[in-house]
Amino acid sequence: MAHGITLTFPDGAARAFPAGSTGADVAASISPGLAKAALAIALDGEVRDLSRPIERGCTVRLITRKDAEALELIRHDAAHVMAQAVQDLYPGTQVTIGPAVEDGFYYDFARETPFSTDDFAAIEARMREIVAAAEPFVREVWDRDDAIAHFESIGEHYKAEIIRDLPEGEEVSVYRQGDWLDLCRGPHLPTTAHVGTAFKLMKVAGAYWRGDHRNAMLTRIYGTSWRDEKELKSHLHRLEEAEKRDHRKLGTQMDLFHFQEEAPGQVFWHPKGWTIYTTLMDYMRRKIRASGYVEINTPQMLDARFWRASGHWDKYRENMFVLPPEGEDVPPVALKPMSCPGGAQVYKSALRSYRDLPLRMAEFGHVVRREPSGARHGLMRVQAFTQDDAHIFCTDAQLEDEVVAMCDLIAQVYRDLGLAEGLRVNFSTRPEQRIGSDADWDRAEGALRKVLDRIGLPWDLNPGDGAFYAPKLDFILTDAIGRAWQCGTVQVDMNMPTRLDLAYVGEDGARHRPHLVHRAIMGSMERFMGVLLEHYAGNLPLWLAPVQAVVATITSDANAYAGEVLEALQQVGIRAEADTRNEKINYKVREHSLAKVPVLLVVGGREAEGRSVAIRRLGGKAQEVMPLNTALQTMEAECAPPF
RNA sequence: GCCGCAGUAGCUCAGUGGUAGAGCAACGCAUUCGUAAUGCGUGGGCCGGGGGUUCAAAUCCCUCCUGCGGCACCA
């Protein structure tokens with residue numbers, strides 16, 4: 001044991017091993033059971049193949065199927081198995097990259113005819129054969145040039161390119177599974193059998209080589225894989241459940257809105273959907289008035305000259321709807337894609353004094369943006385929408401407090417709406433393509449950083465992702481299937497004031513530039529509605545529900561009383577309907593439950609006689625009979641908005 | 001915009017070359033019922049648009065539009 005190594009185990013125990021011992025040796029030294037169960041070994045936290053010799057003393061942890069890292073190994077290896085299956089079945093297909101991702105894996109292939117889901121059955125069948133063969137994953141380190149020559153010779157030009165681009169000095173490792181091999185950094189499971197059979201190919205998609213649209217489009221196959229069938233099944237079940245809360249589905253079921261071919265990416269709001277929309281907007285108006293905002297509104301269409309001046313004609317033209325002139329001499333007009341240039345005109349309509357600042361101007365700006373056809377997505381990405389926008393004009397000294405105040409306002413609104421949990425903030429800093437001086441960027445980013453400390457929300461740094469004119473804080477909410485959507489945003493802008501020549505007269509009598517902070521809380525009202533609907537799976541809080549209560553009769557004998565109850569509810573401002581149809585109470589309960597009406601007030605002979613109602617709440621079985629007046633008070637209290 | 005898939009009754013969907021279907025909804029009639037579907041009956045279609053192949057097209061081919069899942073974009 002002259003050249004042994006000392007390994008430290010998670011329990012703190014340190015043991016000596018002969019030099020050249022592998023992870024498998026370590027596992028075997030502990031117990032035969034572990035030797036069998038071990039999949040990989042973590043050396044100082046870095047996951048390595050079990051078969052690789054351990055070069056140095058370190059802390060070790062054996063990874064078994066239970067560990068979090070196991071899933072990633074299983075998924076990564078499933079990608080390899082799929083790649084082999086594909087190349088076995090479709091010779092001439094090139095492999096590129098195939099990582100493990102959340103819930104599964106994918107592999108990008110280069111092939112003249114893209115795959116279709118019809119190919120899945122064959123690929124999955126071949127994958128099962130490869131898994132059954134239990135081929136060991138064997139790691140080899142190759143000479144760089146040999147590797148390039150090899151991959152070129154077998155027509156794997158993408159792999160050769162990957163090797164060429166590897167940093168100098170990085171090992172070129174190749175893994176074999178049977179007679180198939182792939183360039184790969186590893187680590188891998190001991191054999192293909194360890195992948196198991198709890199996998200399923202999910203979808204095909206196009207994906208650009210290296211994520212760049214100027215490159216060739218590859219065909220990507222997504223799969224999901226798990227430790228066992230039970231996990232797979234529950235994953236598929238989760239997907240089904242998520243589908244049920246898709247806002248597009250709920251929109252139809254709850255009769256909130258629809259889309260149609262003649263107005264791509266634009267919403268036809270139905271009475272119930274529009275009720276939610278205006279209720280949200282009313283809430284927001286109360287909120288911003290209480291926070292010292294004024295509200296303005298600016299034109300929908302502006303002469304092209306204006307957009308040339310603002311810079312949009314250059315920078316944003318592709319996303320704008322431009323109306324061609326009718327006559328030769330008429331200049332084109334464009335529908336506004338953003339509210340800020342218009343809002344700035346209101347600022348400029350008067351000579352502003354330092355006494356006017358901070359000036360907080362809100363605008364529910366209806367903007368229209370041309371979106372790429374593949375980008376549209378229900379309410380989440382539309383071509384015409386209303387932003388709950390605001391522009392705050394302030395002095396340098398006011399900047400930080402203003403930004404903190406608006407972040408607090410955003411957080412308050414999200415809390416009021418039940419969306420605060422899981423809220424993420426992205427701090428996006430200066431991009432490469434930017435205008436303005438580094439000193440200004442330092443100041444603006446510094447201010448946002450201080451703000452982040454003060455507001456105490458979890459945040460991620462998103463370097464280089466700021467707008468070309470300002471760093472920003474983006475407030476990210478997620479939809480039913482975990483897709484992230486930006487809703488709120490705060491942007492500290494040091495450029496527009498100069499471009500649009502904004503000024504205020506200071507205490508010293510001289511003209512100064514104000515700072516301009518752009519902010520939206522819900523962002524797009526449409527998108528926010530989509531997120532809300534999915535978050536609540538359609539079961540909106542009482543104050544937002546389009547129909548808050550339905551008075552349902554048991555027999556027609558109670559119709560007159562139901563009318564009285566309805567009127568009483570409406571008198572106290574509750575959105576209520578009466579269901580006096582000649583249907584059984586079971587039918588009515590079912591129908592209104594499916595329509596997600598939060599409160600059912602059932603009235604029959606007994607209630608009519610005693611001037612009471614039987615309250616049944618959505619999702620509950622229990623009924624509570626109470627006097628009508630009590631019910632009215634309860635309802636009125638419960639339907640009150642959070643602000 | 002790119003790759004794959006889809007578009008049939010208000011909704012959900014079946015129908016793969018030979019007379020357009022089902023369930024729910026709607027409408028009518030009967031039923032007056034106590035907390036998630038009462039029964040019977042009736043009406044309802046440019047099978048996304050255009051072009052082509054064929055004796056014959058919802059069905060096969062081309063093309064456009066819209067949507068869905070990704071990618072890219074956006075933020």
Side-chain angles (χ1 to χ4, degrees), chain A residues 101 106 108-109 111 113-120 202-222 239 243 246 248-249 252-253 255 258-265 316 318-319 337-338 369-378 380-383 387 426 428 431 462 465-467 472-476 481 483-489 491 518 520 523-524 527 552-559 580-595 600-607 614-625:
Chain A
V101 291
Y106 68 76
D108 285 347
F109 301 100
R111 185 181 182 231
T113 327
F115 293 103
S116 110
T117 44
D118 295 341
D119 300 316
F120 283 4
M202 301 298 283
K203 49 203 177 192
V204 282
Y208 298 104
W209 167 236
R210 301 201 146 156
D212 188 330
H213 68 278
R214 289 165 301 194
N215 290 340
M217 177 153 282
L218 308 172
T219 153
R220 172 175 299 180
I221 300 180
Y222 279 97
L239 290 182
E243 219 172 289
D246 186 316
R248 294 163 298 191
K249 210 163 225 175
T252 307
Q253 274 166 13
D255 194 18
H258 82 269
F259 290 93
Q260 66 189 52
E261 209 172 324
E262 292 79 0
Y316 210 69
E318 279 189 352
N319 296 287
M338 292 184 194
R369 296 178 185 177
R370 191 185 283 287
E371 296 288 351
S373 58
R376 299 191 296 243
H377 182 91
M380 303 298 199
R381 186 101 178 250
V382 287
Q383 298 202 115
Q387 289 179 308
N426 276 350
S428 298
N462 212 356
D465 208 29
K472 55 186 184 151
L473 303 182
D474 287 333
F475 291 73
I476 312 290
I481 52 175
R483 283 182 289 213
W485 296 99
Q486 186 208 302
C487 293
T489 186
Q491 310 174 350
H518 312 245
S524 139
R527 173 179 292 180
T553 52
I554 289 172
T555 69
S556 55
D557 292 342
N559 283 2
T580 55
R581 291 174 304 171
N582 178 12
E583 293 291 350
K584 287 185 173 178
I585 192 62
N586 286 304
Y587 181 88
K588 296 183 184 182
V589 166
R590 179 182 153 82
E591 200 174 82
H592 299 302
S593 299
L594 289 175
L600 272 184
L601 303 173
V602 177
V603 295
R606 295 204 293 268
E607 288 76 13
I615 292 191
R616 182 199 168 100
R617 287 168 195 277
L618 182 56
K621 273 243 167 235
Q623 314 146 39
E624 198 184 345
V625 180

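In this text the structure is predicted, and so the values were computed from the model without any measurement. Hydrogens, waters and symmetry mates are skipped; everything else that's a heavy atom, side chains included, is used. Letters go in sequence order (proteins before strands), and every chain restarts at 1.
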R376(A) has an atom CZ; how far is it from atom P of G70(B), in whole Å?
16 Å
With side-chain hydrogen bond (donor to acceptor under 3.5 Å, both in side chains) as the test, would you mind laying out the steps for Y222(A) and R220(A) before giving the verdict?
CA-CA 6 Å; Y222(A) 279 97; R220(A) 172 175 299 180; 3.0 Å; yes
Answer with base, sugar-phosphate or nothing: what part of the nucleic acid does Q260(A) contact at a heavy-atom distance below 4.0 Å?
nothing
If U66(B) has a Watson-Crick or G-U wobble mate with both distances under 3.5 Å, name it; if not, just say none.
A6(B)
May I ask you to say what I585(A) touches in the nucleic acid, namely base, sugar-phosphate or nothing, with a heavy-atom cut-off under 4.0 Å?
sugar-phosphate
At less than 4.0 Å, is any side-chain N or O atom of Y587(A) found next to OP1 or OP2 of G39(B)? Yes or no.
no
Give me the distance, rounded to whole Å, that separates G18(B) from A58(B) when you measure between the C1' atoms they each carry.
13 Å
If a protein heavy atom is under 4.0 Å from the base, mark B; if only from the sugar-phosphate, S; if neither, -; do that for nucleotides 58-64 of chain B going 5' to 3'.
-------
For atom CZ of R581(A) and atom P of A37(B), their distance in whole Å:
14 Å
Would one find a side-chain N or O of N586(A) under 4.0 angstrom from OP1 or OP2 of U35(B)?
no
According to the Watson-Crick and G-U wobble definitions, with both distances under 3.5 Å, which nucleotide is paired to C71(B)?
G1(B)
Determine the Euclidean distance between corresponding C1' atoms of C24(B) and G43(B); express it in Å to zero decimal places.
16 Å
In whole Å, I'd like the distance from the CD atom of Q387(A) to the P atom of C74(B).
16 Å
Given A72(B), is OP1 or OP2 found less than 4.0 Å from the side-chain N or O atoms of R220(A)?
no
With a non-hydrogen cut-off below 4.0 angstrom, is R606(A) in contact with a base, only sugar-phosphate, or nothing?
base
Could you tell me which non-hydrogen atom of I221(A) sits nearest to which non-hydrogen atom of F109(A), and how far apart they are?
CD1-CE1, 4.0 Å
If you find the nucleotide of RNA chain B closest to E607(A) and the one closest to A263(A), which residue's nucleotide is nearer the 5' end?
E607(A)
Please identify each residue that fulfils side-chain contact (heavy atoms from CB on, under 4.5 Å) with L618(A), with sequence neighbours left out.
N539(A), S593(A), K596(A)
Looking at every heavy atom in both R376(A) and E371(A), which two are closest together, and how far apart are they?
NH1-O, 4.0 Å
From the set C33(B), U66(B), A36(B), return the single nucleotide nearest to any side-chain atom of P264(A).
U66(B)
Contact class for A614(A) (heavy atom, under 4.0 Å): base, sugar-phosphate, or nothing?
base
Take the protein atom CD of E243(A) and the nucleotide atom C1' of G69(B), then report the distance between them rounded to whole Å.
11 Å
Any heavy-atom pair between the side chains of V602(A) and Q623(A) that's under 4.5 Å?
no
Length of the CZ-P vector between R210(A) and A72(B), whole Å:
14 Å
Where the side chain of Y222(A) is defined as all heavy atoms beyond and including C-beta, which of A36(B), C11(B), C71(B) is the nearest nucleotide?
C71(B)
Using a heavy-atom cut-off of under 4.0 Å over every strand shown, decide if K472(A) touches base, sugar-phosphate, or nothing.
sugar-phosphate
Can you tell me the base-pairing partner of A30(B)? Count Watson-Crick or G-U wobble geometry only, both distances below 3.5 Å, and say none if there is no partner.
U38(B)
Please report the distance separating the C1' of U59(B) from the corresponding atom of G48(B), rounded so that it comes out in whole Å.
15 Å
N462(A): partners by side chain to side chain donor-acceptor pair (under 3.5 Å), with sequence neighbours left out
D465(A)
Please tell me if K584(A) has a side-chain N or O lying less than 4.0 Å from either OP1 or OP2 of A36(B).
no
Please state how far atom CG in N559(A) lies from atom P in U32(B), giving the value in whole angstrom units.
15 Å
Under a 4.5 Å cut-off applied to non-hydrogen side-chain atoms, are F259(A) and V382(A) in contact?
yes
Taking only the P atom of each, what is the distance from A6(B) to C62(B) in whole angstrom?
13 Å
Sequence neighbours left out, what passes side chain to side chain donor-acceptor pair (under 3.5 Å) with E624(A)? Give chain and number order.
none
Show me the protein contacts with nucleotides 1-7 of chain B, counting only N or O atoms at under 3.5 Å.
{"residue": "G1(B)", "atom": "OP2", "partner": "S373(A)", "partner atom": "OG", "Å": "2.5"}
{"residue": "G1(B)", "atom": "N7", "partner": "G374(A)", "partner atom": "N", "Å": "3.3"}
{"residue": "G1(B)", "atom": "N2", "partner": "Y208(A)", "partner atom": "OH", "Å": "2.4"}
{"residue": "C2(B)", "atom": "O4'", "partner": "Y208(A)", "partner atom": "OH", "Å": "3.4"}
{"residue": "C3(B)", "atom": "O2", "partner": "G206(A)", "partner atom": "N", "Å": "3.0"}

Gap in Å between the two C1' atoms, one belonging to U16(B) and one to C61(B), rounded:
15 Å
OP1, OP2 of C11(B) versus side-chain N and O of H258(A): anything below 4.0 Å?
no
Taking CD from E371(A) and C1' from C73(B), how many angstroms apart are they, rounded to a whole number?
8 Å
Can you tell me the distance, in whole Å, between the NE2 atom of H592(A) and the P atom of A37(B)?
14 Å
Could you tell me the Watson-Crick or G-U partner of C47(B), where both distances fall under 3.5 Å? Say none if there is no partner.
none
Tell me what G378(A) touches on the nucleic acid: a base, only sugar-phosphate, or nothing, going by heavy atoms under 4.0 Å.
sugar-phosphate
Any side-chain N or O of R616(A) under 4.0 Å from OP1/OP2 of A36(B)?
yes
Could you list the residues that satisfy side-chain contact (heavy atoms from CB on, under 4.5 Å) with P114(A), not counting sequence neighbours?
T219(A)
Which part of the nucleic acid does G265(A) contact within heavy-atom distance under 4.0 Å: base, sugar-phosphate only, or nothing?
sugar-phosphate
For C47(B) versus C11(B), give the span between their P atoms, rounded off to a whole number of Å.
15 Å
Of H377(A) and G211(A), whose nearest nucleotide on RNA chain B comes first from the 5' end?
H377(A)
Any chance you could lay out the side-chain hydrogen bond (donor to acceptor under 3.5 Å, both in side chains) test for T489(A) and D474(A), step after step, and finish with the verdict?
CA-CA 4 Å; T489(A) 186; D474(A) 287 333; 2.8 Å; yes
Could you measure between the two C1' atoms, the one in G44(B) and the one in A25(B), and give it in whole Å?
11 Å
Identify whether NZ of Lys or CZ of Arg in R210(A) sits under 6.0 Å from the centre of the six-membered ring of Y208(A) and within 45° of that ring's axis.
no
Please test R370(A) against E318(A) for salt bridge (Lys or Arg N to Asp or Glu O under 4.0 Å), starting from the C-alpha separation and ending with a verdict.
CA-CA 7 Å; R370(A) 191 185 283 287; E318(A) 279 189 352; over 6 Å; no
Nearest of C73(B), A36(B), C68(B) to any side-chain atom of R381(A)?
C73(B)
Between G1(B) and A57(B), how far apart are the C1' atoms? Round to whole Å, please.
33 Å
When T553(A) is tested against each of K588(A), E583(A), E607(A) for side-chain hydrogen bond (donor to acceptor under 3.5 Å, both in side chains), which residue passes?
K588(A)
Could you tell me the Watson-Crick or G-U partner of U19(B), where both distances fall under 3.5 Å? Say none if there is no partner.
none
